[in-house]
Structure formats: structure tokens, C-alpha cells
Amino acid sequence: MPLNENQDSDVPKSHPRYLSLKYRHTIIEGMRNLIVAEAGLIAHGRGECFDYILGEQTSQSAKNAVKAAVAALIIADKPVISVNGNVAALVPEELVNLSKLLDIPLEINLFYRKEGRIEAIENVLKNAGATDIKGVNEETMIELEGLESNRRKVDFIGKADVVMVPLEDGDRTEALKKLNKKVIAVDLNPLSRTALWADITIVDNIIRVVPLMIEIAKELKKLKKKSLEKILDDFDNKKNILDSLDLIIKYIQQQKVDAFKILK
Ligand code: ATP
Ligand code: MG
């Protein structure tokens, strides 16, 4: 049966993999509507695999990284959130809410450019209520040095001091770091080059991360700059990544005990 718009509602909520299937269909629909690139489907699958061995839940180390990320975004002079097709398809409303809550622009920044994709993503964000969208006007764009992919073209990211890059490619994270930007990554793979290059690496699913960021932003907005700086000083990204790896190791070790029990 071909997939159609209604198929996610065909998956019963009681299905043990309901959420995973629902987001799979969201991504496929996104591809049909030009929002997601074909390669975005594969990137999503890689993410799913890591989510699986992280227990499909937000860990304490991811929560700590989210707190540090929100503090960094509030303290920043010129923060920006980079948006690609997968993120626009999965969490458009949440992303726009976060951007408005913290008064941070969204910049559409794609690896795979195709006729009509920027417009499709712009429309999704506008429909979700976005008013400040960068990366849509070629005339104001500059090129990042040392990068050959399409992602070298940036708009406000070129001027920003803190850049949040959900589901980013390692080459561009490296290029942003070389330009002395503070990079916040959301990446389910704690060993990707992006995860390792970033200053703050949130090892969790973007679907859970953005709502949590909104919740934490409401709290941290009330704090003084000094308290926010302390949150950042206390955060250790290397330890955070190592803790995420330990979680994966523990999860797999536990599965050696539990995996066959579900058959009984
Ligand atoms: P890198 O270039 O940083 O070394 P990569 O080449 O392995 O990474 P890319 O395709 O460049 O992978 O980036 C996509 C990344 O996004 C992958 O690491 C994947 O695990 C992650 N990812 C995919 N879906 C999600 C999601 N929903 N939430 C968080 N991360 C995700
Ligand atoms: Mg890559």
C-alpha cells in the first residue's frame, strides 16, 4: 500500500514503535513536499539507530547540555538557529516557538539545494508563525571559507557568535569552529564529527530536544547573566559526550540480559 497523508493515523497508538513510525511518515511526507532531501531520509535512519541504543529517551547528560545550550543562546550577542529540511519537517511549530521566545532568527541552510526547496521550507516556517527567516535572499549571502558544499553559503550565520546546528554535517561544523563561532549541536550520534567539534553537544532526538529547550528557556530567561554564565562554566562537553557513550554501552549490556525476555 502506498504511503499517504493519512497513514500515520493508520498506525495504532498502541503499536510499540508508534512514535518512530509516525516520524518516519512525517519525514517521507516532507520529502514528497520538497522539504526533505532524499539523503535526509537516510540521515533520519542513522539517527533512529542511535536513538534506539540510547533507549529513545532524554538522558540526564542531554538535559544538562540543553540547559547549557539555552544559557549560551540567552547570553549571546548574535545567536542564530540553522534550519535544514529534516528539522523543518519534524518540529516546525516548536522551532518557531523557541525562536520567538528567545528572539533568535531562524536561518534556512541546506546541504542539498533543489529548485523550490528553500521556498517549501520557508512556507512551512511561515505557516508555523515565523516572521524572522534568514537564508532566503541570495543577495545578502556570504560564503564560508574552506567549504565546498552548498552549506558554505550563509546569511546571518556569518555574523553570528552562537550558532545552533541541529543535524549538521561535520565539515561545516568544523568551518564554523574555525571562524570562532560557539556551536551548539543536536546530534544523536555522539561520535559524529559534528558532535565532537561542537562546544555544546546535545545527544538526543530533535523531536524531544526543542520542546525541552522551550521549557528550560522559560525558566532561564528569569535568571541574571551571572547565573547563566555559571551554568556554562559548570558544563563540560567532553564529559557530556563520554557520559552519552557510557549510556549506549550500558543499554547494550542490559539488552544482553533482557533482549530475549520479550519473546516469552
Ligand atoms: P558528521 O558529518 O557530523 O560526521 P555524519 O556524516 O555521520 O555526521 P550527517 O548525515 O552529516 O551524518 O548528519 C546527520 C546527523 O544527524 C547524524 O549523525 C544523525 O545521527 C543525526 N540525526 C538524524 N536524525 C536526527 C534526529 N531526529 N535528532 C537528532 N539527530 C539526528
Ligand atoms: Mg556528514
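Just so you know, ligand 1 is whichever comes first in the structure, and atom 1 is the first atom listed for that ligand. In what follows, residues are counted from 1 in the order of the sequence shown.
- Nearest residue to atom 31 (C) of ligand 1 from D187, L167, I207, N189 is L167 (criterion: closest heavy atom).
- Atom 8 (O) of ligand 1 has its closest protein heavy atom at S192 CB, 3.7 Å.
- Not a single donor-acceptor pair under 3.5 Å links the side chain of K126 to the backbone N or O of I133.
- Of the candidates Q255, Q253, Q254, Q255 is the only one forming a side chain to side chain contact (heavy atoms under 4.5 Å, CB included) with Y251.
- Side chains of N240 and N237: a donor on one and an acceptor on the other come within 3.5 Å.
- E107 places a side-chain N or O within donor-acceptor distance of the main-chain N or O of I157, the cut-off being under 3.5 Å.
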Determine, step by step, whether T194 and D187 satisfy the side chain to side chain donor-acceptor pair (under 3.5 Å) criterion, reporting the C-alpha distance in whole Å, the side-chain angles of both residues, the deciding distance to 0.1 Å, and the verdict.
-> CA-CA 8 Å; T194 294; D187 196 324; 4.5 Å; no

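- At least one N/O-N/O distance between D169 and ligand 1 falls below 3.5 Å.
- With ligand atoms numbered from 1 in the order given, ligand 1 contributes 1 (P), 2 (O), 3 (O) to contacts under 4.0 Å with heavy atoms of G170.
- Protein heavy atom nearest atom 13 (O) of ligand 1, with residue, atom name and distance: E168 O, 3.5 Å.
- V124 and A88 make their closest contact through CG1-O, 3.5 Å (heavy atoms, listed as atom of the first residue, atom of the second, distance).
- In summary, the side chains of N64 and Q60 do present a donor paired with an acceptor at a separation below 3.5 Å, with no hydrogens or angles considered.
- A donor atom on one side chain and an acceptor atom on the other are found under 3.5 Å apart for R172 and S82.
- The shortest contact between atom 27 (N) of ligand 1 and any protein heavy atom is with N205 OD1, 2.8 Å.
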Just do the salt bridge (Lys or Arg N to Asp or Glu O under 4.0 Å) check on K181 and D199 with the steps written out, would you?
-> CA-CA 9 Å; K181 315 266 181 208; D199 297 275; over 6 Å; no

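- For atom 14 (C) of ligand 1, the closest heavy atom belonging to the protein is A43 CB, 4.2 Å.
- When all heavy atoms of L73 and P79 are compared, the closest pair comes out as O-CG, 3.8 Å.
- Looking from atom 28 (N) of ligand 1 to the surrounding protein, the closest heavy atom is I206 N, 3.0 Å.
- Of the charged side-chain nitrogens involved, at least one lies within less than 4.0 Å of a carboxylate oxygen, so that E219 and K222 count as a salt-bridged pair.
- Annotation: L188 places an N or O atom under 3.5 Å from an N or O atom of ligand 1; distance criterion only.
- Given atom 7 (O) of ligand 1, the protein heavy atom at minimum distance is R46 NH1, 2.5 Å.
- Taking each of L196, T194, V186 in turn, the one with a heavy atom nearest to atom 3 (O) of ligand 1 proves to be T194.
- Proximity to D204 (heavy-atom distance under 4.0 Å) selects the following atoms of ligand 1: 28 (N), 29 (C).
- Evaluation of the side-chain contact (heavy atoms from CB on, under 4.5 Å) rule for N205 yields D51, L188, I207, R208 as partners, not counting sequence neighbours.
- Protein-derived N/O/S atoms nearer than 2.8 Å to the Mg ion (ligand 2) total 1, waters excluded.
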